[in-house]
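Below is one structure, written out as structure tokens; comments come after it.
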Amino acid sequence: MSNGSPGRSSSASRGEARKILVVVALVQFVIGGWFSWSASRAAPRELPVVVAAGVPDVAEALRAAAPGAYRVEEVPDAAAAEAALRDRKAYGAFVPGAREGGPELRLASAASPAAADALARQARELPGVRVSRVVDAVPADPDDPHGAGAAMGFLPLLITAVIAGLLLVLKVRDTGARLLGVLGFAVLSGLLSSLMLTQVSGVLPGGWMVTAGAVALLELAMVAVITGLGSLVGPPGVAVGAVLMFVVGNPLSGMGSAPEMLPGVLGTVGQYLPPGAGATLLRSVGAFGGAGALGPVVVLVGWAVVGRWAWAGCGAGCRRAGRFPHPAPSRCIRCAAPPRGGGEPPGPLFRAPRGVLNRRTG
């Protein structure tokens with residue numbers, strides 16, 4: 001005879017349902033507000049712009065018209081200004097015009113269509129300066145001139161990395177197999193995602209293989225961290241990794257605008273997270289021949305090493321301490337290490353003997 005009654009069970013279920021819906025609604029409220037707030041506040045903030053010698057009044061006019069919006073640097077000539085664009089040191093360059101009447105504005109919309117549009121609008125409204133023409137020197141992919149396709153194509157890379165990390169932690173107990181899973185997912189994701197983004201949808205410029213390498217490095221960094229945290233503390237570690245990589249990292253990546261268009265120091269912070277570094281790397285290897293790629297590569301490799309270190313520390317620590325937090329008595333969820341001495345330590349973190357679980361209460 002069961003101790004519980006149907007009424008009591010139904011009441012408990014309704015209580016759990018209420019808790020779940022309240023928690024999920026609050027999480028939705030916070031995440032929705034965070035995503036929308038960060039996107040709606042995008043505007044130029046210390047956006048790098050160069051002005052070639054022989055272009056009068058532009059630097060002063062930019063600083064006066066939009067204080068703090070642009071970081072203006074003067075360069076010796078038009079060639080230096082063009083080099084700054086192609087080396088990813090500036091989003092726009094004012095050079096002497098080929099025609100009478102005013103300077104030219106050269107843009108690198110491949111670095112950020114949103115930043116290029118904002119600078120072009122600002123240039124047309126500068127008091128006392130008449131821009132003769134606007135030239136896109138390093139254009140975005142013609143199939144995605146506004147960058148919307150690239151931003152939407154970037155989002156699934158982050159979502160699937162979180163899913164892969166979660167499944168590897170929950171379903172793969174052996175550390176070696178988990179490592180192979182992380183590496184295999186990164187390679188396969190790089191090849192297939194690059195094929196889609198550069199060849200099928202065509203929203204990213206650049207070659208298939210070099211883009212595949214950038215995507216693979218991004219996925220490796222993200223999945224390594226998520227599985228590393230999951231190996232250390234189980235599913236809560238996966239949740240922490242997911243929040244860090246997706247909830248925090250995605251709005252701060254600058255993929256939809258530019259790091260210099262995010263509020264405060266958020267853009268700088270975002271570049272030290274895998275999504276921000278990955279977004280910058282994809283742009284660098286696509287349209288700029290690798291210019292500006294070194295920093296993002298270092299960041300992504302660093303995160304991958306941190307994730308691998310978490311696995312190594314977990315394995316060594318669990319083997320020394322005989323730690324077994326998973327219900328399965330023969331395996332540790334953290335490192336798949338067998339119990340020290342072959343026994344099953346007692347405690348609430350372990351399954352009770354099968355006979356106890358099957359015993360009925362009178």
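Worth knowing before you read on, the calculation uses all heavy atoms, side chains too, and leaves out hydrogens, waters and symmetry mates.
In this structure, the separation between OG1 on T211 and CD on Q199 is 8.5 Å, given to the nearest 0.5 Å. Q271 CD to T280 OG1: the interatomic distance, rounded to the nearest 0.5 Å, is 3.5 Å. For the atom pair CE of M255 and CG of N250, the computed distance is 10.5 Å after rounding to the nearest 0.5 Å. With rounding to the nearest 0.5 angstrom, the CD atom of Q122 is 10.5 Å from the CG atom of L47. For the atom pair CG of L21 and CD of Q28, the computed distance is 11.5 Å after rounding to the nearest 0.5 Å. To the nearest 0.5 Å, atom CG of residue L192 and atom CG of residue L197 are 11.0 Å apart.
Between T198 and G207 the shortest heavy-atom distance is CG2-O, 4.3 Å. Between A151 and G256, the closest heavy-atom pair is CB-CA, 4.3 Å. Contact record, F246 with P251: O-CD, 3.6 Å, taken as the closest heavy-atom pair. Across L282 and A214, no two heavy atoms sit closer than the pair CD2-CB, 3.7 Å. Closest heavy-atom contact between S132 and G102: OG-O, 3.2 Å. Closest approach of W303 and Y272 over heavy atoms only: NE1-O, 2.8 Å.
Between L300 and L281, some side-chain heavy-atom pair lies under the 4.5 Å cut-off. Inter-residue side-chain proximity for R106 and L85 is flagged as met; some heavy-atom pair is nearer than 4.5 Å. Annotation: side chain of L126 is not in contact with side chain of V131 (no heavy-atom distance under 4.5 Å). Within the 4.5 Å cutoff, the side chain of L218 has heavy atoms near those of the L157 side chain. Looking at L252 and V248, their side chains come closer than 4.5 Å, going by heavy atoms from C-beta outward. You'll find the side chain of E260 reaches within 4.5 Å of the side chain of Y91, heavy atoms only. Inter-residue side-chain proximity for F94 and V50 is flagged as unmet; no heavy-atom pair is nearer than 4.5 Å. At a threshold of 4.5 Å between non-hydrogen side-chain atoms, the residues V129 and P103 count as touching.
For the 3.5 Å distance criterion, the side chains of S189 and E219 qualify, holding a donor opposite an acceptor. At a cut-off of 3.5 Å, with distance as the only test, no side-chain donor of T227 or R178 sits close to an acceptor on the other residue.
Other residues, nucleotides and ligands contribute over 12 non-hydrogen atoms within 6.0 Å of the CD1 atom of I31.
A donor-acceptor distance shorter than 3.5 angstrom exists from the side chain of R45 to the backbone of M261, with no hydrogens or angles considered. Proximity of a side-chain donor or acceptor of R71 to a complementary backbone N or O of E46 within less than 3.5 Å is detected. S36 places a side-chain N or O within donor-acceptor distance of the main-chain N or O of G33, the cut-off being under 3.5 Å. Proximity of a side-chain donor or acceptor of D87 to a complementary backbone N or O of K89 within less than 3.5 Å is not detected. S253 places no side-chain N or O within donor-acceptor distance of the main-chain N or O of G276, the cut-off being under 3.5 Å. With hydrogens and angles disregarded, a donor-acceptor distance shorter than 3.5 Å links the side chain of D144 to the backbone of G149. Although no hydrogens or angles enter the test, the distance criterion places a donor-acceptor pair under 3.5 Å between the side chain of W208 and the main chain of L191. Remark: the backbone N or O of V247 is paired with a side-chain donor or acceptor of W34 at under 3.5 angstrom. Side-chain N or O atoms of S40 include one that pairs as donor or acceptor with a backbone N or O of W37 at under 3.5 Å. At distances below 3.5 Å, at least one donor-acceptor pair connects side-chain atoms of S38 with backbone N or O atoms of F35.
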Quiz item: Which is it for V138 and R86 under the side-chain contact (heavy atoms from CB on, under 4.5 Å) test, yes or no, and what are the steps along the way?
Solution: CA-CA 7 Å; V138 191; R86 299 189 181 279; 3.7 Å; yes
Practice problem: Determine, stepwise, if the pair D141 / V203 fulfils side-chain contact (heavy atoms from CB on, under 4.5 Å). | Solution: CA-CA 6 Å; D141 194 287; V203 296; 6.0 Å; no
Self-check item: Stepwise salt bridge (Lys or Arg N to Asp or Glu O under 4.0 Å) check, R121 with E125
Solution: CA-CA 7 Å; R121 287 196 304 269; E125 299 171 358; over 6 Å; no
Exercise. Kindly determine whether R88 and S284 satisfy side-chain contact (heavy atoms from CB on, under 4.5 Å), including the steps that lead there.
Key: CA-CA 8 Å; R88 297 213 64 185; S284 294; 3.0 Å; yes
Exercise. Take L262 and R41, measure what side-chain contact (heavy atoms from CB on, under 4.5 Å) needs, and give me the verdict at the end.
Key: CA-CA 7 Å; L262 296 175; R41 298 302 188 275; over 6 Å; no
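Grouping the Ile, Leu, Val, Met, Phe, Trp and Tyr side chains by contacts below 4.5 angstrom, directly or via other members, places V238 with V23. The cluster map of Ile, Leu, Val, Met, Phe, Trp and Tyr, joined by side-chain heavy atoms under 4.5 Å apart, puts M209 and L217 in different clusters. Hydrophobic cluster membership differs between L119 and V75, with clusters built from Ile, Leu, Val, Met, Phe, Trp and Tyr side chains linked at under 4.5 angstrom. When hydrophobic clusters are built by joining Ile, Leu, Val, Met, Phe, Trp and Tyr residues whose side-chain heavy atoms come closer than 4.5 Å, directly or via intermediates, F154 is not grouped with M196. There is no path of hydrophobic side-chain contacts, each under 4.5 Å, that joins V306 to V162.
For the salt bridge (Lys or Arg N to Asp or Glu O under 4.0 Å) condition, the pairs that include at least one residue of residues 17-34, sequence neighbours left out, are E16-K19.
In this structure, the side chain to side chain donor-acceptor pair (under 3.5 Å) partners of S109, at least two apart in sequence or on a different chain, are D136.
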